[in-house]
Number of protein chains: 2
Amino acid sequence: MPRGLRMRHLAMGPPWWHGRFHGAGFRITIPREAILEVLSKTQKHLSAEEIYLAVHRLHPAVGLTTVYRTLELLVHIGLVFKFDFGDSRARYELSSGPKGARHHHHLVCTACGRVIDYTDFIDEEVELLQQTEKGLAKKYNFKITNHLIQFYGLCDKCRSKE
Amino acid sequence: MPRGLRMRHLAMGPPWWHGRFHGAGFRITIPREAILEVLSKTQKHLSAEEIYLAVHRLHPAVGLTTVYRTLELLVHIGLVFKFDFGDSRARYELSSGPKGARHHHHLVCTACGRVIDYTDFIDEEVELLQQTEKGLAKKYNFKITNHLIQFYGLCDKCRSKE
DNA sequence: TTGTTAATGAAAACCATTTTCATTTATTGA
DNA sequence: TCAATAAATGAAAATGGTTTTCATTAACAA
Ligand SMILES: [Mn+2]
Ligand SMILES: [Mn+2]
Ligand SMILES: [Zn+2]
Ligand SMILES: [Zn+2]
């Protein structure tokens, strides 16, 4: 028996997100495992095709259609965030890992497309957002579930090229 | 001589945005006039096709291609904002009128797609944003030129249908 | 008015995403 | 363990908003 594998399996247990799937009545499949694997191993904001290419290395049978469908599902159950950074394709990012949230917003360079995650000033932001959300909810009778904040400008490198 | 017309013309002068065009070396054309006319007469967030249809009533010769090209130009020179509210087509809005800015952000209903402009809490927001932008500019050496804030949730009507 | 060149419109191309449909596979309960 | 069943998948085609191409038109400086 391959001891290493056995031990690793025992030590790891099923991935933390299995519960989310079973709970919602969805099946755990190789494409889904692979896509979550890819997303959990990067800090980047990958497009559907980039995810497809990464998955394709280990699982050449997985198709781009399935990547799109899986991403839609993951967004739907809240495991993944979908963003538009203005490059005419959707970008995806794991919403949080097993350890918990890592809430952040984005800085987008309008020249080269670079995207920077930032977590500074989040505290003040969160406070303002809560206040704003409360006020808006009352005034417009809106039930706010989410928000999007992005800053646009020129990054370090593109600034010096001006 | 049609006195009414003459007087109106004298009273109005050339539209306020003509200067912006000439200054940037762009020509003033019927399609461009018509598109700005449409945008200045609505509070809605129109799609390219909706603008095209509205322009088409008075100027049937104007094509959809020109609408796209003009909108791109208007966004480029800062007269128009382009938004993505998640309905898979861009939405456009005049950035400000002759009287000055009317800065606002958006509340988007994820059920029916309704978009509400809001201007409340903008003061506090602006303060936080300035602070945040300053901090981010320093930390990441980013030159911030713009920001996007949107809240998502369920509107009045969609809430009661749940 | 005229010459230059930007702007335009129709049609075709583009391309990220979605749909279709026949096939495969995860799950369940006998 | 093994069918039964419905969910999930992959290939190919379709979709639809947007962009490109290219011949024609028109803004405007001289
Ligand atoms: Mn991010
Ligand atoms: Mn608005
Ligand atoms: Zn850059
Ligand atoms: Zn609604």
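Throughout, a chain's letter reflects where its sequence line sits, starting with A, and its residues are numbered from 1. What you are looking at is a predicted structure, and each value in this text was computed from that prediction instead of being measured.
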Between C/dT25 atom P and A/R32 atom CZ, what is the distance in whole Å?
-> 15 Å
Quick one: A/D84 CG to D/dG17 C1', roughly how many Å, whole number?
-> 14 Å
Report each atom pair, protein N/O against N/O of nucleotides 28-30 of chain D, whose distance is under 3.5 angstrom.
| unit_1 | atom_1 | unit_2 | atom_2 | d |
| --- | --- | --- | --- | --- |
| D/dC28 | OP1 | B/I28 | N | 3.0 |

Between atom NE2 in B/H76 and atom C1' in D/dT19, what is the gap in whole Å?
-> 17 Å
To the nearest Å, how far apart are B/H56 NE2 and C/dG9 C1'?
-> 11 Å
Measure from CG on B/L73 to P on D/dT19 and round the result to the nearest Å.
-> 13 Å
So with a 6.0 Å cut-off around NE2 of A/H76, is the heavy-atom count from everything else above 12?
-> no
Atom CD of B/E33 to atom P of C/dT8: distance rounded to whole Å?
-> 11 Å
Which of parallel (below 30°), tilted (30 to 60°) and perpendicular (above 60°) describes B/H106 and B/H45?
-> perpendicular
Return yes if some donor-acceptor pair links the side-chain N/O of A/S160 with the main-chain N/O of A/K157 below 3.5 Å, else return no.
-> yes
Any sub-3.5 Å donor-acceptor pair from A/T110's side-chain atoms to A/G153's backbone N or O?
-> yes
Within the side chain of B/S40, is there an N or O that forms a donor-acceptor pair under 3.5 Å with the backbone of B/E37?
-> yes
Measure the distance from NE2 on A/H59 to P on D/dG10 and round it to the nearest whole Å.
-> 11 Å
Terminal axes of the helix from C/dT1-D/dA30 to C/dA30-D/dT1 (five pairs each): angle between them, nearest 10 degrees = 40°
Can you check the B/L74 CG to C/dA7 C1' distance for me, whole Å?
-> 14 Å
Would you call the rings of B/Y118 and B/F151 parallel, tilted or perpendicular if under 30° counts as parallel and over 60° as perpendicular?
-> tilted
Distances for protein N or O near nucleotides 17-19 of chain C N or O, under 3.5 Å:
| unit_1 | atom_1 | unit_2 | atom_2 | d |
| --- | --- | --- | --- | --- |
| C/dT17 | OP1 | A/A90 | N | 2.8 |
| C/dT17 | OP2 | A/Y68 | OH | 2.5 |
| C/dT17 | O5' | A/Y68 | OH | 3.4 |

Pair A/R91 + A/E50, salt bridge at N-O below 4.0 Å = yes
Find which nucleotide of DNA chain D each of A/Y52 and B/D87 is nearest to by heavy atoms, and output the residue with the more 5' nucleotide.
-> A/Y52
Plane angle bin for B/F85 and B/F83 - parallel if under 30°, tilted between 30 and 60°, otherwise perpendicular = parallel
Could you tell me whether a side-chain N or O of B/R20 sits under 3.5 Å from a main-chain N or O of B/I77, the two making a donor and an acceptor?
-> yes
Give a yes or no on whether the backbone of A/C155 and the side-chain of A/R114 come within a donor-acceptor separation of less than 3.5 Å.
-> no
Does some side-chain heavy atom of A/I28 sit less than 4.5 Å from a side-chain heavy atom of A/H18?
-> yes
